[in-house]
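Structure first, commentary second.
Below, read A as the first sequence line, B as the second, and so on, with proteins coming before strands; counting in each chain starts at 1.
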There are 4 protein chains.
Amino acid sequence: MPYRSTPKTEARKDARRKLWLETATRLFGERGYHAATVPMIVAEAGGSTGSFYMYFRNKEDVFVAALEALGEQITATMDQARAENADPVSAMRAAVESLFLFLARNPREARIMIVESSGLSPRLEQVRRSVLARHAERVVETLRSDPATFPAAYPEVAARCMVGAVFESLYTWLETAERERLPAEEVARVTAEYNIAAVTGRR
Amino acid sequence: MPYRSTPKTEARKDARRKLWLETATRLFGERGYHAATVPMIVAEAGGSTGSFYMYFRNKEDVFVAALEALGEQITATMDQARAENADPVSAMRAAVESLFLFLARNPREARIMIVESSGLSPRLEQVRRSVLARHAERVVETLRSDPATFPAAYPEVAARCMVGAVFESLYTWLETAERERLPAEEVARVTAEYNIAAVTGRR
Amino acid sequence: MPYRSTPKTEARKDARRKLWLETATRLFGERGYHAATVPMIVAEAGGSTGSFYMYFRNKEDVFVAALEALGEQITATMDQARAENADPVSAMRAAVESLFLFLARNPREARIMIVESSGLSPRLEQVRRSVLARHAERVVETLRSDPATFPAAYPEVAARCMVGAVFESLYTWLETAERERLPAEEVARVTAEYNIAAVTGRR
Amino acid sequence: MPYRSTPKTEARKDARRKLWLETATRLFGERGYHAATVPMIVAEAGGSTGSFYMYFRNKEDVFVAALEALGEQITATMDQARAENADPVSAMRAAVESLFLFLARNPREARIMIVESSGLSPRLEQVRRSVLARHAERVVETLRSDPATFPAAYPEVAARCMVGAVFESLYTWLETAERERLPAEEVARVTAEYNIAAVTGRR
DNA sequence: AATGAATGAGTCTTCATTCAT
DNA sequence: CATGAATGAAGACTCATTCAT
């Protein structure tokens with residue numbers, strides 16, 4: 001036994017884990033944390049209960065993993081949007097719009113981020129807060145980077161307002177019947193405008 | 001038996017119901033919807049399981065009642081703030097600040113409104129949304145009442161952004177350790193400014 | 001106070017008790033012993049829980065009273081049928097038919113007698129058996145009264161068979177959709193024939 | 001892992017299920033559907049509540065399973081009795097006697113079939129009716145197969161009468177104290193005679 | 001006599017997690 | 001490594017009955 005695990009096995013494990021995670025994410029998004037049971041996840045992903053517990057210590061763990069994976073996707077999306085715009089205001093607008101649109105196109109993930117991760121255990125609550133904090137942090141940096149354009153007295157507060165505004169705007173849009181709502185792009189734009197006006201406005 | 005129900009009894013029932021509601025509200029705020037069990041509520045409020053079910057059809061029912069009572073308190077608070085200010089901008093600022101401060105002073109109620117009422121059953125979700133919708137509606141009215149001052153293209157979107165911004169700002173404040181955070185009044189003011197700038201800003 | 005209770009009060013009490021009994025009978029027939037709750041009976045009959053317990057020691061008690069009242073109605077019906085026929089065979093036929101028809105026309109009462117009074121507490125079971133025994137007893141008497149016509153070796157067994165046959169035949173009829181079933185009179189007649197043939201047949 | 005489920009495991013599950021079913025059947029027969037609680041069944045069969053619910057969706061389910069297993073045993077018993085007799089009348093007599101004797105020897109099962117399955121939920125009621133209908137159907141076939149011998153105008157009615165007669169006769173016998181009652185074989189014979197006379201008798 | 005609020009034991013059921021195979 | 005049967009604590013809810021008013 002010259003090595004602990006064959007590459008093949010290693011890759012398999014990764015693929016398996018990814019499958020667990022995707023299935024769990026989907027179910028959490030569709031039914032919520034409590035309603036998505038472990039047996040349910042097992043039934044959908046294949047495999048066995050025991051196997052599930054080899055990849056995650058417990059149910060909370062998968063949820064945390066799902067939440068963090070989600071956080072990274074969002075970060076990546078927003079960073080890219082920012083990178084494509086030299087002007088700080090355009091960059092911020094693009095970041096907000098991309099956040100909105102990413103969630104609008106991934107409603108299950110949006111649900112996890114916005115509603116299903118609330119009111120759970122303290123630990124989960126904390127993970128959710130830390131994901132949000134990461135995003136807020138980026139906004140704070142941007143605001144601080146150009147005080148002339150963004151005259152916010154307390155960038156941390158502004159950043160939170162911005163995140164809250166986007167989430168609530170997006171969630172309302174998601175809850176509205178498809179036939180009655182405006183196009184996502186339109187609402188994304190208006191939401192971005194709202195926050196741009198807020199952070200650039202002279203007071 | 002000169003009358004159907006003695007005032008005494010009637011009053012007692014009301015008092016009893018109020019006690020149930022307050023106890024339940026407190027526990028929901030402290031531990032969340034799922035973690036606050038009926039036996040727990042019974043133990044804290046005194047009385048018996050059966051008695052609890054005489055006042056509420058089921059657990060969801062108390063939660064709905066708590067949520068709606070809360071909604072009305074918030075409405076009243078904000079209406080009063082608005083009534084005390086003739087100028088629309090001041091009125092809006094006052095309303096936002098009063099919302100923030102009301103929740104900051106009633107953290108358990110804030111938790112219920114912001115986090116604990118998310119991700120529950122569809123019915124509960126819907127009640128939460130309808131309470132929020134009521135507040136958003138007021139904001140929309142104000143925005144519409146003076147288009148010169150509030151040039152929002154889509155007041156409904158703006159209203160949602162505002163509600164979301166306040167909630168997120170407030171919730172972050174609540175989660176921050178007391179020693180590290182700014183005074184509530186300060187954050188309330190800054191949050192109000194954020195949103196005032198957003199709705200009055202020319203774009 | 002020359003007398004314990006005024007006639008007026010006495011009459012009232014009787015009327016009240018009768019109302020309780022009728023309401024309870026109806027509900028037992030419609031929903032079964034367990035599903036018909038005391039609060040339900042109170043709600044339908046008017047009055048209060050406490051009042052209910054002034055007329056009956058407990059829920060079992062009303063059921064017993066209902067069952068016995070029913071037993072007497074059935075006895076009366078059958079006795080009358082018998083009395084109208086001099087010939088023993090005709091008398092028996094008439095008795096069976098009248099039993100069938102009485103139950104067919106009072107389906108709720110039939111349910112109580114045939115199905116809802118089964119599988120309950122030992123005491124209730126025993127009451128049911130004693131009501132049935134009373135009917136069987138009459139049949140036994142008739143069979144014994146004319147051994148030449150009714151050559152049954154064991155009249156007690158024959159009587160039970162007869163009762164069982166009528167109940168099952170009737171209950172099947174009741175459960176059959178109205179559009180698909182034969183007229184009650186026809187089935188009553190056939191059922192009577194079955195039993196007459198059974199008790200008169202030479203073997 | 002050369003095969004999906006080892007015969008050993010498979011066999012174990014079957015044995016376990018059988019044990020649950022037998023224990024439940026016994027308790028239902030002894031105490032009735034309502035009085036036989038799930039915890040009781042668990043205590044008697046060994047195992048845990050959760051395990052019970054792995055084999056049956058709910059309490060109703062075990063009862064249905066018990067009722068249907070019983071129905072099949074009865075069917076098998078009667079079919080065998082019929083098969084052993086070429087002559088239609090003898091076959092019918094044998095079938096009735098075997099039904100009576102099977103139940104007389106399995107009093108708990110008899111209770112389930114005759115009394116404990118009445119007056120329960122609509123679903124349970126329906127299962128009971130369908131089991132009875134199956135038996136009645138067989139009788140109808142036999143009656144129809146030889147109209148010269150069995151001149152019944154409505155075989156369906158006759159079949160129901162027969163089933164009812166046997167059940168009631170049997171149940172009365174079961175309820176009678178052992179010291180006071182006739183031998184089961186005797187009552188079975190007399191009951192069979194009753195019904196044979198009924199279906200062969202010229203009217 | 002009448003009321004009806006209060007009681008609380010007891011029911012069914014769920015599901016995260018473990019561990020023998 | 002994988003399996004999936006077993007666990008059992010815990011939850012929501014019901015309803016016959018009592019008793020202070």
Side-chain angles (χ1 to χ4, degrees), chain A residues 5 9 12-13 16 33-43 46-62, chain B residues 1 4-6 8-10 12-13 16-17 34-42 46-62, chain C residues 5 9 12-13 16 33-43 46-62, chain D residues 1 4-6 8-10 12-13 16-17 34-42 46-62:
Chain A
S5 62
T9 304
R12 258 195 203 166
K13 274 194 74 168
R16 194 85 191 98
Y33 181 75
H34 282 102
T37 68
V38 173
M40 227 173 228
I41 296 169
V42 171
S48 65
T49 322
S51 178
F52 174 89
Y53 279 90
M54 301 221 4
Y55 290 89
F56 305 96
R57 207 189 337 259
N58 49 39
K59 194 184 169 184
E60 260 193 18
D61 253 41
V62 222
Chain B
M1 234 168 313
R4 299 244 157 181
S5 65
T6 59
K8 203 175 170 184
T9 304
E10 202 60 47
R12 258 197 200 168
K13 275 197 79 168
R16 195 89 189 93
R17 193 191 148 87
H34 283 102
T37 69
V38 172
M40 226 173 227
I41 296 170
V42 170
S48 64
T49 318
S51 183
F52 173 88
Y53 282 93
M54 289 195 38
Y55 290 91
F56 305 96
R57 214 193 322 272
N58 48 41
K59 196 185 168 184
E60 256 193 22
D61 250 41
V62 222
Chain C
S5 63
T9 303
R12 258 195 203 165
K13 274 194 73 168
R16 193 84 191 100
Y33 181 75
H34 283 101
T37 69
V38 173
M40 226 174 227
I41 296 169
V42 171
S48 65
T49 321
S51 178
F52 174 89
Y53 280 90
M54 300 220 5
Y55 291 89
F56 304 96
R57 207 189 337 259
N58 49 39
K59 194 184 170 185
E60 260 193 17
D61 252 42
V62 223
Chain D
M1 233 169 315
R4 298 243 160 183
S5 66
T6 59
K8 201 176 173 184
T9 303
E10 201 61 47
R12 257 197 200 170
K13 275 197 78 168
R16 193 89 189 94
R17 192 190 148 87
H34 282 102
T37 69
V38 172
M40 226 173 227
I41 296 169
V42 170
S48 64
T49 319
S51 182
F52 173 89
Y53 280 93
M54 289 195 38
Y55 291 89
F56 305 95
R57 214 193 322 271
N58 49 41
K59 196 185 167 185
E60 256 194 21
D61 250 42
V62 220

Between D:Lys13 (NZ) and E:dT21 (P), how many Å, whole number?
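The distance from NZ of D:Lys13 to P of E:dT21 comes to 17 Å, rounded to the nearest Å.
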Could you state the atom-to-atom distance from NE2 of B:His34 to P of E:dT14 in whole Å?
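B:His34 atom NE2 is separated from E:dT14 atom P by 15 Å.
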Of the listed nucleotides F:dG8, F:dC13, F:dT3, the one nearest the side chain of B:Thr49
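Nucleotide nearest to B:Thr49's side chain: F:dC13.
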Applying ring pair (Phe, Tyr, Trp, His ring centres under 6.0 Å), name anything that partners B:Tyr53, two or more places apart in sequence or on another chain.
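Result, ring pair (Phe, Tyr, Trp, His ring centres under 6.0 Å) vs B:Tyr53: none returned.
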Considering non-hydrogen atoms only, spot the tightest contact between B:Arg17 and B:Tyr55 and give its length.
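Minimum heavy-atom contact is NH1-O, 3.2 Å.
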Can you name the nearest heavy-atom pair linking D:Thr49 to D:Val38, along with the distance?
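In this case the closest contact between D:Thr49 and D:Val38 is CG2-CG1, 4.4 Å.
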Mapping B:Gly47 and C:Gly50 onto DNA chain E by nearest heavy atom, which one lands closer to the 5' end?
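The residue whose closest nucleotide sits nearer the 5' end is C:Gly50.
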Hey, what do you get for CZ (D:Phe52) to CZ (D:Arg16), rounding to the nearest 0.5 Å?
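Answer for the CZ-CZ pair, D:Phe52 versus D:Arg16, is 11.0 Å.
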If you assign D:Gly46 and C:Tyr33 each to the DNA chain F nucleotide with the nearest heavy atom, which residue ends up on the more 5' nucleotide?
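Between the two, 5'-proximity favours D:Gly46.
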Start at the 5' end of DNA chain F and walk down; is the nucleotide closest to B:Met40 or to C:Ala36 reached first?
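The answer here is B:Met40.
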Which residues in residues 51-61 of chain D have a heavy atom closer than 4.0 Å to any atom of DNA chain E?
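D:Tyr53, D:Asn58, D:Lys59, in order of number.
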Pair listing, salt bridge (charged side-chain N to carboxylate O under 4.0 Å, His left out) test, anchored in residues 52-61 of chain C, at least two apart:
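Sorted result for residues 52-61 of chain C: C:Glu60-C:Arg123, C:Asp61-C:Arg123.
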Checking A:Ser48 now: which residues fulfil side chain to side chain contact (heavy atoms under 4.5 Å, CB included) with it, not counting sequence neighbours?
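Side chain to side chain contact (heavy atoms under 4.5 Å, CB included) check on A:Ser48 returns A:Ser51.
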Determine: side-chain N/O of C:Ser48 to OP1/OP2 of E:dT3, distance under 4.0 Å, yes or no.
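Yes, such a contact exists.
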Watson-Crick or G-U pairs under 3.5 Å in DNA chain E, rendered as dot-bracket with [ ] for crossing pairs and | for another strand:
.||||||||||||||||||||
Please enumerate all residues that pass side-chain hydrogen bond (donor to acceptor under 3.5 Å, both in side chains) together with B:Asn58, with sequence neighbours excluded.
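For B:Asn58 there are no side-chain hydrogen bond (donor to acceptor under 3.5 Å, both in side chains) partners, ignoring immediate neighbours.
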